[in-house]
S.K.: 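Take a look at the following structure, please.
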Amino acid sequence: MTPHQVFAVAMLGGLGALLGLIATAALAAALYTAIDRLFEWRKRRHGQRRQRELLAELRAIHALPAHDPRKPRR
């Protein structure tokens with residue numbers, strides 16, 4: 001092989017490695033984003049569930065009979 005051919009093969013190998021690294025970084029970033037969104041979705045869903053439970057508790061408390069403590073009971 002001539003020195004030019006060796007250089008061309010080395011250049012192709014370097015470009016292939018560079019493309020592989022870029023693809024790996026892009027895949028890692030996409031995976032990180034997907035996992036982060038999953039955790040945020042789960043946190044939001046848990047918060048919504050907790051808000052529904054608190055609202056149900058408040059409605060139950062509101063439905064209890066109430067009296068004015070200043071007035072005597074009959």
Side-chain angles (χ1 to χ4, degrees):
M1 287 179 64
T2 66
H4 291 291
Q5 289 172 334
V6 171
F7 180 72
V9 169
M11 239 177 59
L12 288 175
L15 286 175
L18 182 63
L19 288 176
L21 287 174
I22 290 172
T24 302
L27 179 64
L31 186 61
Y32 176 79
T33 302
I35 290 172
D36 189 47
R37 286 184 182 177
L38 175 66
F39 283 131
E40 288 297 321
W41 176 76
R42 290 182 71 205
K43 184 192 290 186
R44 188 173 52 249
R45 188 179 64 169
H46 177 72
Q48 289 172 347
R49 185 180 323 128
R50 183 67 185 136
Q51 285 179 347
R52 282 193 304 269
E53 290 170 358
L54 287 173
L55 184 60
E57 288 176 16
L58 290 174
R59 285 181 177 162
I61 291 170
H62 183 70
L64 291 173
H67 71 281
D68 189 356
R70 294 172 289 181
K71 294 183 181 177
R73 286 189 175 183
R74 295 182 190 196

S.K.: F7 and L15: same hydrophobic cluster, using ILVMFWY side-chain contacts below 4.5 Å?
M.R.: no
S.K.: Can you tell me which residue pairs pass the salt bridge (Lys or Arg N to Asp or Glu O under 4.0 Å) test with a partner in residues 51-65, sequence neighbours excluded?
M.R.: R50-E53
S.K.: If you link I, L, V, M, F, W and Y whenever their side-chain heavy atoms are under 4.5 Å apart, who else ends up in the same group as L38?
M.R.: W41
S.K.: Cluster partners of L12, using ILVMFWY side-chain heavy atoms under 4.5 angstrom, listed by chain and number?
M.R.: none
S.K.: Look up atom NE2 in H46 and atom CD in Q51, then write down how far apart they are to the nearest 0.5 Å.
M.R.: 10.5 Å
S.K.: Who else is in L55's hydrophobic cluster (ILVMFWY, side-chain heavy atoms under 4.5 Å, direct or via others)?
M.R.: none
S.K.: Apply the hydrophobic cluster definition, ILVMFWY joined by side-chain contacts under 4.5 Å directly or through others, and give me every member besides Y32.
M.R.: none
S.K.: Got a sec, which residues hit side chain to side chain contact (heavy atoms under 4.5 Å, CB included) with T2, two or more places apart in sequence or on another chain?
M.R.: H4, Q5
